[in-house]
Each structure stands twice: as C-alpha cells, then as structure tokens.
Asks: 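Here it is, the structure, as structure tokens.
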Amino acid sequence: MNLFANATNRYVSSTGTIKLRAEAQEQDKIPDEGSANASIKVSTLKDTQNKSLTVKVVENRGRYSGNTASWKFVFKIDKVK
C-alpha cells in the first residue's frame, strides 16, 4: 500500500485557505486507490488544530472484490504568530 498526504500551502495569509489531500493506493498489478480532500480557513484556526481525513480503498477485482480498507490520516496544523 502506498500512502501519501499533502498540504498544498505551507504558508498562507490570514485570509487564506489551507487545502489538504490524502491518498492511498494498493500495490497490485491493477492498483485500487482512494483519496480524500479538505479545506480549512486560516481565520477559523486557534493555536493548533488536528484535522483527520479517512480514505477508503475498495478491492475491485479477484476473490477479495468488494472488501474495503480504511486509512486515517491526521494533519496537525499550527498557527504561527
């Protein structure tokens, strides 16, 4: 399983938005994959905030077809003063 998490904006203005993306991809001949996205307005942040995204990957072929795997990605966002 390949896992990838990304926050596209490392530094944003006080009126900006932070975009988060999490992906999971099965290591297989025909990989199954899933992703989740979220946005957080900087103006709503206090000091530190955790944001979790759940990514579900559904097996689409073979004897395990229909089975799911869930991955939880947790982003820790610190507001720098």
Side-chain angles (χ1 to χ4, degrees):
M1 186 68 66
N2 292 326
L3 304 175
F4 178 73
N6 186 26
T8 57
N9 311 48
R10 292 188 179 189
Y11 301 99
V12 290
S13 70
S14 61
T15 58
T17 301
I18 299 169
K19 296 179 183 178
L20 306 173
R21 180 171 176 83
E23 300 176 359
Q25 181 184 61
E26 173 192 33
Q27 294 178 349
D28 201 350
K29 183 177 178 182
I30 302 172
D32 303 315
E33 52 190 41
S35 64
N37 296 295
S39 296
I40 299 173
K41 291 184 179 183
V42 175
S43 60
T44 64
L45 289 175
K46 302 295 181 211
D47 290 326
T48 299
Q49 180 176 340
N50 290 332
K51 177 69 176 173
S52 63
L53 296 177
T54 302
V55 177
K56 291 188 179 187
V57 178
V58 180
E59 181 68 37
N60 63 8
R61 288 185 166 73
R63 64 180 169 179
Y64 300 110
S65 183
N67 288 355
T68 61
S70 294
W71 298 90
K72 183 178 180 180
F73 294 80
V74 179
F75 294 85
K76 181 180 178 184
I77 302 151
D78 291 321
K79 188 171 184 178
V80 179
K81 296 179 183 180

Asks: Any side chain to side chain donor-acceptor pair (under 3.5 Å) pairs touching residues 50-59, not counting sequence neighbours?
Replies: none
Asks: At their closest point, which heavy atom of Gly34 faces which heavy atom of Val57, and how far apart are they?
Replies: N-CG2, 3.8 Å
Asks: Considering non-hydrogen atoms only, spot the tightest contact between Pro31 and Glu26 and give its length.
Replies: CB-O, 3.1 Å
Asks: Does Asn37 reach the side chain of Lys19, with side-chain heavy atoms less than 4.5 Å apart?
Replies: no
Asks: Taking it one step at a time, do Val55 and Glu23 satisfy side chain to side chain contact (heavy atoms under 4.5 Å, CB included)?
Replies: CA-CA 7 Å; Val55 177; Glu23 300 176 359; over 6 Å; no
Asks: Using every non-hydrogen atom in the two residues, find where Ser39 and Thr17 come nearest and quote the distance to one decimal.
Replies: CB-CG2, 3.7 Å
Asks: Grab the two heavy atoms, one from Thr44 and one from Lys41, that are nearest each other, plus how far apart they are.
Replies: OG1-O, 2.7 Å
Asks: If I take atom CG from residue Leu20 and atom CD1 from residue Ile40, how far apart are they, to the nearest 0.5 angstrom?
Replies: 5.0 Å
Asks: Can you measure from CZ (Arg21) to CZ (Phe73) and round to the nearest 0.5 angstrom?
Replies: 10.5 Å
Asks: Quick one, Val58 and Asp32 - any side-chain contact, counting heavy atoms below 4.5 Å?
Replies: no
